[in-house]
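Structure first, then comments.
By convention in this document, chain letters (A, B, ...) are assigned in the order of the sequence lines, proteins followed by strands, and residues within each chain are numbered from 1.
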Number of protein chains: 2
Amino acid sequence: MDLAPSRPEADTRRRILDAAQGLFVRHGLDATSLRMITAHASANIAAAHYHFGSKDALIEAVFRRGLARLNEMRLTELERLERAAGGSPLKPRQVLEAFFGTALILAADRDQGGFDFMRLLGRTMSDPNQFIRTFLAAEYQEVVDRFKSALFAALPEVPREEIIWRLHFMLGAMSYALAGTDALRLAAGLAGEDDPRAIAPRLMSFLLGGLRAPLPGKSAEVSISDTPTSSVGANRRIDKPPRQTARASGSKTVARGNPPAPGHRSSK
Amino acid sequence: MDLAPSRPEADTRRRILDAAQGLFVRHGLDATSLRMITAHASANIAAAHYHFGSKDALIEAVFRRGLARLNEMRLTELERLERAAGGSPLKPRQVLEAFFGTALILAADRDQGGFDFMRLLGRTMSDPNQFIRTFLAAEYQEVVDRFKSALFAALPEVPREEIIWRLHFMLGAMSYALAGTDALRLAAGLAGEDDPRAIAPRLMSFLLGGLRAPLPGKSAEVSISDTPTSSVGANRRIDKPPRQTARASGSKTVARGNPPAPGHRSSK
DNA sequence: CCAGTATTCAAACACCCGTTTGAATTGAGC
DNA sequence: GCTCAATTCAAACGGGTGTTTGAATACTGG
């Protein structure tokens with residue numbers, strides 16, 4: 001339309017959004033200050049408040065922009081498949097492709113920020129901040145309802161409660177894989193460690209396997225809580241292991257003003 | 001080398017650790033201040049520095065205490081199973097029980113703080129803070145190596161790279177389930193929504209199903225919707241959704257022309 | 001009992017945060 | 001050219017942060 005490709009005022013707004021997204025995923029929401037963001041965006045601090053109103057509103061704007069794209073892709077794909085199926089229910093794999101496959105496609109888009117956003121989203125999924133949680137839930141609701149229904153129809157013989165649990169688990173697996181933190185250095189050195197295109201086929205077959213796993217036995221034979229005479233509970237209670245004092249012992253024999261190990265802290 | 005267990009001064013230390021753990025899981029590491037912690041623990045701010053040296057060192061201490069318990073349980077159980085098997089490799093299910101089952105048992109312990117700690121751990125697994133990440137990796141290394149080896153032995157025919165990926169996915173599913181945030185309000189209203197004893201059997205069969213899923217097709221490494229040959233229904237298979245380039249020229253992603261009109265909220 | 005260390009405490013320090021202000025700058029329409 | 005609104009800017013405000021200080025207290029060994 002009449003929107004010139006480079007409107008200067010709109011540019012500041014977009015630069016701030018981009019900088020915020022990149023810094024949020026690298027340092028976390030709390031640890032990223034508006035001053036860091038505006039410095040990265042070559043903008044003034046007050047400009048951020050002028051365009052967004054507050055830091056929380058800026059966070060909202062970042063997620064709204066990313067989720068609009070993601071959710072539109074998901075719903076478009078789901079509707080396309082349902083239209084092609086013509087009334088008959090989809091296969092479980094198709095539902096997963098529409099939900100998780102599109103997310104992974106978006107995560108592979110490094111240029112337009114899809115990569116950063118999906119990592120950010122993956123990490124934020126387990127953020128305790130109430131304001132974020134309610135916002136995410138609201139922004140997601142339509143998509144979640146649509147895909148829940150599609151999965152119910154695809155697996156009519158599975159109890160709905162069980163399907164919801166498994167959707168929950170699948171979400172966790174994807175979020176963690178996308179977040180790409182690998183806190184345990186598990187995949188360190190693996191090829192394509194943080195490349196969503198390498199992860200996608202592996203994740204999809206893992207998710208399908210989990211979704212179609214046999215239901216947990218009602219008699220709880222599978223359950224760990226009552227493995228015969230409690231495998232782990234054999235020693236009944238966990239004794240406190242001897243306090244590992246190798247590194248922390250300094251903190252109790254302190255004289256005044258003793259910093260245990262001054263060489264800590266960074267990344268904030 | 002240690003102080004007697006019931007010395008009153010040691011009590012302050014424990015009270016601070018407990019309060020910190022509870023507040024960390026409710027508000028996050030960054031959003032929890034030392035003043036909040038010491039107020040909850042009925043202690044002085046300086047006492048926290050006296051006993052731990054810094055906030056980062058306090059965070060370390062919280063995780064060290066919890067991980068010592070968790071990792072000891074895991075290793076004990078793994079060794080018990082390996083001893084019982086007498087040289088022959090364990091079954092995949094047994095390895096998962098020793099790793100994830102023990103975590104879920106610990107998470108069910110509400111009295112001694114196991115519940116809070118496992119939720120905290122689940123959320124921290126995707127924390128971007130570098131200091132936390134390296135600390136967790138170091139603290140976990142022995143356990144990770146042991147369980148990786150056990151899984152390799154249990155699944156000799158599966159490529160090791162694939163096993164590592166699936167271990168990664170399983171960790172994500174468990175972390176997210178334990179974190180118990182449910183950002184999407186997926187399981188809202190479900191029975192035992194945040195009770196690890198209700199989650200355990202369901203999670204275990206999901207994980208086993210994912211771990212034993214058929215390997216992803218080797219041929220196409222890039223494609224998301226792979227399965228070039230083995231599609232279940234030959235009729236309508238999922239094509240690659242059209243590359244979403246509409247956004248580049250799209251001017252409707254975010255409603256432009258937002259007047260400043262702040263009206264924000266603060267909920268922190 | 002006293003000596004001396006281990007622990008607590010209130011107060012202050014320097015710094016960074018999100019937010020606000022009011023003036024300067026820009027750019028389009030008459 | 002001028003007007004007027006939209007946008008940017010440097011500077012400041014109040015408040016919360018982690019950390020430090022030095023004195024007061026609690027406790028243990030002799």
Item checked: ring-ring contact (aromatic ring centres under 6.0 Å, His included) partners of Phe24(B), counting only residues at least two apart ->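 Result, ring-ring contact (aromatic ring centres under 6.0 Å, His included) vs Phe24(B): none returned.
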I need the [atom1]-[atom2] distance between [X] and [N], as an integer number of Å.
X: Asp56(A); N: dC17(C); atom1: CG; atom2: P; value: 16 Å
X: Arg13(B); N: dT8(C); atom1: CZ; atom2: P; value: 12 Å
X: His51(B); N: dT20(D); atom1: NE2; atom2: P; value: 16 Å
X: Ile45(B); N: dC13(C); atom1: CD1; atom2: C1'; value: 13 Å
X: Phe52(A); N: dG18(C); atom1: CZ; atom2: P; value: 15 Å
X: Lys55(A); N: dC16(C); atom1: NZ; atom2: P; value: 15 Å
X: Asp11(A); N: dT7(D); atom1: CG; atom2: P; value: 13 Å
X: Leu23(A); N: dC17(C); atom1: CG; atom2: P; value: 12 Å

Checklist line | Residue whose nearest DNA chain C nucleotide is more 5′ - Arg35(A) or Ala46(A) | finding: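 Whichever sits nearer the 5' end wins; that is Arg35(A).
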Output yes when at least one side-chain N/O atom of [X] is less than 4.0 Å from OP1 or OP2 of [N], else no.
X: His49(B); N: dT8(C); result: no
X: Thr12(B); N: dT8(C); result: yes
X: Ser33(A); N: dC17(C); result: yes

Checklist line | Selected nucleotide, minimal atom distance to Asn44(A) side chain, candidates dA10(D), dG18(C), dA10(C) | finding: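 Out of dA10(D), dG18(C), dA10(C), the nucleotide with an atom closest to Asn44(A)'s side chain is dA10(D).
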Notebook entry, point to check: Among dT8(C), dT19(C), dT19(D), which nucleotide sits nearest the side chain of Leu34(B)?
Noted result: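 Among dT8(C), dT19(C), dT19(D), the one nearest the side chain of Leu34(B) is dT19(D).
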Item checked: Rounded distance (nearest 0.5 Å) linking atom CZ of Arg69(B) with atom OG1 of Thr102(B) ->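 Answer rounded to 0.5 Å: 11.5 Å.
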Check: Could you state the interatomic distance from CZ (Arg197(A)) to CG (Asp109(A)), rounded to the nearest 0.5 Å?
Finding: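 Going from CZ on Arg197(A) over to CG on Asp109(A), the span is 10.5 Å.
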Next item on the list: Just grab all the salt bridge (charged side-chain N to carboxylate O under 4.0 Å, His left out) pairs involving residues 127-147 of chain A, residues at least two apart or on different chains.
Entry: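 Those involving residues 127-147 of chain A are Arg64(A)-Glu139(A), Glu79(A)-Arg146(A), Glu82(A)-Arg146(A).
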Note to self: Under 4.0 Å, heavy atoms only, any strand: does Ser42(B) hit a base, just the sugar-phosphate, or nothing?
What the structure shows: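 Touches nothing.
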Checklist line | For the student: nearest non-hydrogen atoms of Ala98(B) and Phe147(B), plus distance | finding: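 Closest heavy-atom pair between Ala98(B) and Phe147(B): CB-CE2, 3.7 Å.
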